[in-house]
Protein chains: 2
Amino acid sequence: MKKFEEKTIKSETLFKGKVISLKVDDVQLPNGKTSKREIINHPGAVAVLAVKEDGKIIMVEQYRKALERSLLEIPAGKLDEGEEPKVTAERELEEETGYGCKSMSHLISFYTSPGFADELVHLYIAEGLYVMEDSKGTDEDEFVELVEITVDEALNLIKNQVIYDAKTSYAVQYLQLQQALKNS
Amino acid sequence: MKKFEEKTIKSETLFKGKVISLKVDDVQLPNGKTSKREIINHPGAVAVLAVKEDGKIIMVEQYRKALERSLLEIPAGKLDEGEEPKVTAERELEEETGYGCKSMSHLISFYTSPGFADELVHLYIAEGLYVMEDSKGTDEDEFVELVEITVDEALNLIKNQVIYDAKTSYAVQYLQLQQALKNS
């Protein structure tokens, strides 16, 4: 898929951080003119939809500095270099929630902000959850609180903008869809 | 929602571009230690789910330089400064597809990448579509091709990673949910 390809004339990396890096590319457009593209490179991430046998979804509340507020989200985290996404998913579920799972299946992957970033999120579904006895806990600069809610509660929290991010909204809608398909 | 708030000790803006800006904040964590947060500020965007009377979804194919490939997405675009999202939605639908609509309703908003960016996407649903006679067309550095597909085709394109972004995957799943609810 290279339709309307924009050829790189010059690429300048302006920032390399711990998580993201920023470059500005001069590009040649399909009509021959030139333009600039501001691009964020990101290592990619996973998110985990984990539903307990009682139907409750496992979520975490955490502060998001970019938004200057906390959000309620499904467990998620960045890929370590060279790490297989499924391994990241199992690690993040354990670290953020203390739960292990019998199976971890890939549901969908999507780019979150294709207009300016290459972040790809891999969404997994965890089944057969059990409490781990000696969970590793979160990274030292990460603070999260476990919250377990029903699909109906999640829908209310979407309305109230407490759940307010794309991957979690997608996951909640996925559960709604499964319920509706079961009833049809 | 300020749980686990991270207080800003120092904030340094390292880049101000045409679309995004980048800052690095030194923060004080809830345990008193300090850390750094790399943050992208973005003006926000809209996306438009537009379904024709024959059930086909209006999408656009466009090149995404951040990914070095093209994607098939629902029409979308950045907010101009001070612009009301609904107005942006009407403008982007017209510019990218040549369609006008009788009603444009807000469906959901979500942050796309809360871990590092403040981009908020407002998803609208356009109904009563009609072809505009003198459409304005896209910006001069924007090249898109109109593609109209059914929900089933969209699901296949998700499988084949031609549709591969969060807002479009959410919108397609929304249509699946509406179909399932109608049948239940």
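Values below: all heavy atoms of this structure, side chains included; hydrogens, waters and symmetry mates excluded.
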Around atom NZ of K52(A), are there more than 12 heavy atoms from other residues, nucleotides or ligands closer than 6.0 Å? yes
Please output the residues of residues 8-20 of chain B in contact with chain A, using a heavy-atom cutoff of under 4.5 Å, in numerical order. T8(B), L14(B), F15(B), G17(B), K18(B), V19(B), I20(B)
Rounded distance [0.5 Å steps], OG in S21(B) versus CD in E38(A): 9.0 Å
Would you name the heavy atoms of Y170(B) and S169(A) that are closest together and state the gap between them? CE1-O, 3.6 Å
Heaviest contributor of heavy-atom pairs below 4.5 Å to chain A, chosen from T34(B), I158(B), I40(B), L181(B), is I40(B)
Report, by ascending residue number, the residues of residues 63-72 of chain B in heavy-atom contact with chain A at a distance under 4.5 Å; give 'none' if the set is empty. Y63(B), R64(B), K65(B), A66(B), L67(B), E68(B), R69(B), S70(B), L71(B)
Taking Y124(A) as the starting point, is it possible to reach L175(A) by hopping between hydrophobic residues whose side chains are less than 4.5 Å apart? no
Measuring heavy-atom distances to chain A, does Q179(B) have an atom under 4.5 Å in its side chain, in its backbone, in both, or in neither? neither
Identify which part of L123(B) has an atom lying under 4.5 Å from any heavy atom of chain A, answering side chain, backbone, both or neither. neither
Do you reckon V131(B) sits in the same ILVMFWY cluster as I149(B), going by side-chain contacts under 4.5 Å, direct or chained? no
Stepwise side-chain contact (heavy atoms from CB on, under 4.5 Å) test for K3(B) and F143(A): CA-CA 9 Å; K3(B) 187 165 240 164; F143(A) 298 83; over 6 Å; no
Count the heavy-atom pairs under 4.5 Å between each of Q62(B), E145(B), K33(B) and chain A, then report the option with the highest count. E145(B)
For chain A, which candidate among Q178(B), K36(B), H42(B) shows the most heavy-atom pairs at distances under 4.5 Å? H42(B)
Going hydrophobic residue to hydrophobic residue with side-chain gaps under 4.5 angstrom, can you get from V60(B) over to V147(B)? no
Specify which of L177(B), V24(B), T168(B), I108(B) makes the most heavy-atom pairs with chain A at under 4.5 Å. L177(B)
Tracing side-chain links under 4.5 Å among I, L, V, M, F, W and Y, which residues wind up in one group with I39(B)? none
Name the region of N183(B), side chain, backbone, both or neither, that has any atom closer than 4.5 Å to a heavy atom of chain A. both
Is L157(A) reachable from Y164(A) through a run of hydrophobic residues whose side-chain heavy atoms are each under 4.5 Å from the next? no
Proximity breakdown for V144(B) and chain A, heavy-atom pairs closer than 4.5 Å: backbone
Using non-hydrogen atoms only, which part of E6(B) is less than 4.5 Å away from chain A: side chain, backbone, both, or neither? both
For chain A, which residues of residues 81-89 of chain B have at least one non-hydrogen atom nearer than 4.5 Å to it? none
Does atom NZ (K2(B)) have a neighbourhood of more than 12 heavy atoms from anything else shown, all under 6.0 Å? yes
Portion of L120(B) that has a non-hydrogen atom of chain A nearer than 4.5 angstrom: side chain
Under a 4.5 Å heavy-atom cut-off, does chain A meet the side chain of S35(B), its backbone, both or neither? side chain
Does V48(A) share a hydrophobic cluster with V121(A), counting links as ILVMFWY side-chain heavy atoms below 4.5 Å and allowing steps through other members? no
Comparing Y111(B), Y174(B), F110(B) against chain A, the one with the most heavy-atom pairs below 4.5 Å turns out to be Y111(B)
Just give me the residue among K78(B), Q161(B), E5(B), E119(B) that pairs up with chain A most often, heavy atom to heavy atom, under 4.5 Å. E5(B)
